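The next block holds one structure in the form of structure tokens; read it before the comments.
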Amino acid sequence: MTDWTDPDTFVQALEQVETKEKGNCFEDFEEGDVIEHDPGLTLTQFGNESWMSQTLNHDPAYWRTDAAEARGYDEPPVHPDYLTAATLGITVEDLSEKGGYFLGRTDVRFPEAPVYTGTELHVESEVVNRATSSSRPEYGIVSWRTRGKDAETGDVLCSYERTNMIPRREPVATDGSGTAAAEEDGDGPDLPETFVAPEGGYFEDFVEALETANDENAAVAYRHERGRTQDDVTVASLPLSTLNTAKQHHNVDVMSDSPSGDIVTYGDVTRSTALGHARSDERTWREVGFDDESFHTFVAVGDTVYAFTRVLEAEDNVEETSTGSRTSSENDSGSDEAGTVRFQHIAFNQDDEPVYSGTRTAEIRKRPT
């Protein structure tokens, strides 16, 4: 049986599988397109004060009730810098995650009425201009008009026009080196000949990928594009916020004589980071459970956590009988709006070394009908 976490096996698998890319290319935008950005964000006091403190914005009207009331506010309002950053941050996945130069932003406007914490922010962007770049032919130039709105009232809270250079899409090419190496080395890892990646993140996409791989020496396996470099927040702050007081996460003095030589990431942070990468390429409905979890080596400040996924099996939560009626499958608790998928997830670092592995069962949303 192949051990997918064996370092040599895993490196070869990474060379052969497809990367599920994030973000959009220049060709994906057309003038007049309106993009509803999915995440949304509730503007919080913690987020507001964290932003202001870390950027040294210490205007007392945004911190103290008496100073806020002196300016006619009912309470300290949301700082406009935090509001602007939150509005733009929500758009990045859809607009500029592919990279490219941020060329500028203009016409940033706010309402006269203050915005208070607890407001739920929803954001939309309209493509207002799309042009080629004569100086950088591998890029195009796109401008968007973005509006952050109060989800309850529909009032515009922040709006601006932003312009970015956006990479053009290039044909996917491969030299086949991974496959050739496997053929030449008879003692190499026992990996499938073919790797299949689902077309999308709905339950049916996973079923179709498994069916494609069913009749050949193939596996449904792919890597996720995102990575997260560990910093003081992920290594020290997140564990402490869960009341995890283990010294290996925050005591540099004690850990200086350990094998890592430094504080290390809480295992559940590593795990959750890898699962977050995977979930960003799925339509997750509900988590069911986890099994066979292992942590293979430590992760420290400066290490980057990536993720790799194998799809093991998929089962519909409802079955059609001979009379055409629909009935629950053995997974009685499952929703009929989702199907159940079992995955193996492997977190790995910048040196392609596995750091975590485990199996996960989740309900994945079905395509809307």
Side-chain angles (χ1 to χ4, degrees), residues 22-24 28-98 100-131 141-166 276 279-280 283-285 365 368:
K22 306 299 293 183
N24 290 308
D28 297 319
F29 299 104
E30 295 289 343
E31 289 188 24
D33 287 351
V34 176
I35 302 159
E36 298 283 345
H37 302 291
D38 195 41
L41 179 72
T42 298
L43 300 169
T44 66
Q45 181 176 352
F46 175 80
N48 192 42
E49 293 183 354
S50 295
W51 184 274
M52 291 189 295
S53 64
Q54 294 299 317
T55 61
L56 304 183
N57 280 284
H58 297 163
D59 184 334
Y62 294 94
W63 295 89
R64 297 193 341 247
T65 301
D66 60 335
E69 290 177 346
R71 294 198 197 174
Y73 302 143
D74 296 333
E75 59 187 77
V78 169
H79 193 283
D81 285 2
Y82 170 53
L83 176 59
T84 304
T87 302
L88 192 150
I90 291 170
T91 72
V92 168
E93 181 173 4
D94 294 323
L95 304 187
S96 56
E97 184 163 342
K98 269 299 189 205
Y101 299 100
F102 183 4
L103 298 179
R105 181 174 58 194
T106 189
D107 198 25
V108 181
R109 296 291 184 272
F110 307 98
E112 292 185 9
V115 178
Y116 295 113
T117 58
T119 300
E120 185 175 336
L121 183 66
H122 283 192
V123 182
E124 67 177 24
S125 295
E126 180 182 357
V127 181
V128 294
N129 192 51
R130 181 178 178 274
I141 301 172
V142 184
S143 297
W144 306 275
R145 163 60 61 177
T146 294
R147 293 174 285 271
K149 299 180 178 180
D150 184 323
E152 182 177 355
T153 66
D155 294 339
V156 176
L157 307 179
C158 175
S159 63
Y160 58 80
E161 184 171 312
R162 172 164 74 112
T163 301
N164 273 66
M165 297 190 81
I166 301 295
R279 290 171 181 138
S280 74
R283 299 282 182 167
T284 310
W285 180 271
R365 186 170 183 172

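Worth saying up front: this structure is predicted, and the values here are computed from it rather than measured.
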Which residues pass the side-chain hydrogen bond (donor to acceptor under 3.5 Å, both in side chains) test with [X], sequence neighbours left out?
X: T117; value: none
X: E31; value: none
X: S280; value: K22

Qualifying residues under side-chain contact (heavy atoms from CB on, under 4.5 Å), relative to [X], sequence neighbours excluded:
X: S50; answer: F46
X: A85; answer: W51
X: E152; answer: D150

Would R105 pass as a cation-pi partner of Y160, given that its NZ or CZ must be under 6.0 Å from the six-membered ring centre and within 45 degrees of the axis? yes
Between [X] and [Y], which heavy-atom pair has the shortest distance, and what is it?
X: P76; Y: Y116; result: O-CD2, 4.0 Å
X: Y62; Y: P77; result: CD2-O, 3.3 Å
X: L83; Y: L157; result: CD2-O, 3.5 Å

Residues forming a salt bridge (charged side-chain N to carboxylate O under 4.0 Å, His left out) with [X], sequence neighbours excluded:
X: E49; value: none
X: R279; value: E287
X: E97; value: R226
X: D28; value: R169

Measure the [atom1]-[atom2] distance between [X] and [Y] for me, rounded to the nearest 0.5 Å.
X: L41; Y: T119; atom1: CG; atom2: OG1; result: 10.5 Å
X: L121; Y: I90; atom1: CG; atom2: CD1; result: 4.5 Å
X: W144; Y: S96; atom1: CH2; atom2: OG; result: 5.5 Å
X: K149; Y: H122; atom1: NZ; atom2: NE2; result: 11.0 Å
X: R365; Y: T284; atom1: CZ; atom2: OG1; result: 11.5 Å
X: L95; Y: L88; atom1: CG; atom2: CG; result: 8.0 Å

Do M165 and L103 touch side chain to side chain, with heavy atoms closer than 4.5 Å? yes
Side-chain contact, heavy-atom cut-off 4.5 Å: F29 with I166? yes
Cationic N near anionic O, under 4.0 Å, R145 to E126: no
Pair I141-T163, side chain to side chain contact (heavy atoms under 4.5 Å, CB included): steps then yes or no: CA-CA 7 Å; I141 301 172; T163 301; 3.5 Å; yes
Qualifying side-chain hydrogen bond (donor to acceptor under 3.5 Å, both in side chains) pairs, either residue in residues 67-87, two or more places apart: D59-R71
Y101 atom OH: more than 12 heavy-atom contacts under 6.0 Å: no
Report, as yes or no, whether the 6.0 Å neighbourhood of atom CZ on R130 holds more than 12 heavy atoms from other residues, nucleotides or ligands. yes
Applying salt bridge (charged side-chain N to carboxylate O under 4.0 Å, His left out) as the test, list every pair that has at least one member in residues 155-166; sequence neighbours left out. none
Here's a test for you: under side-chain hydrogen bond (donor to acceptor under 3.5 Å, both in side chains), which of R147, E36, H37 qualifies with S125? H37
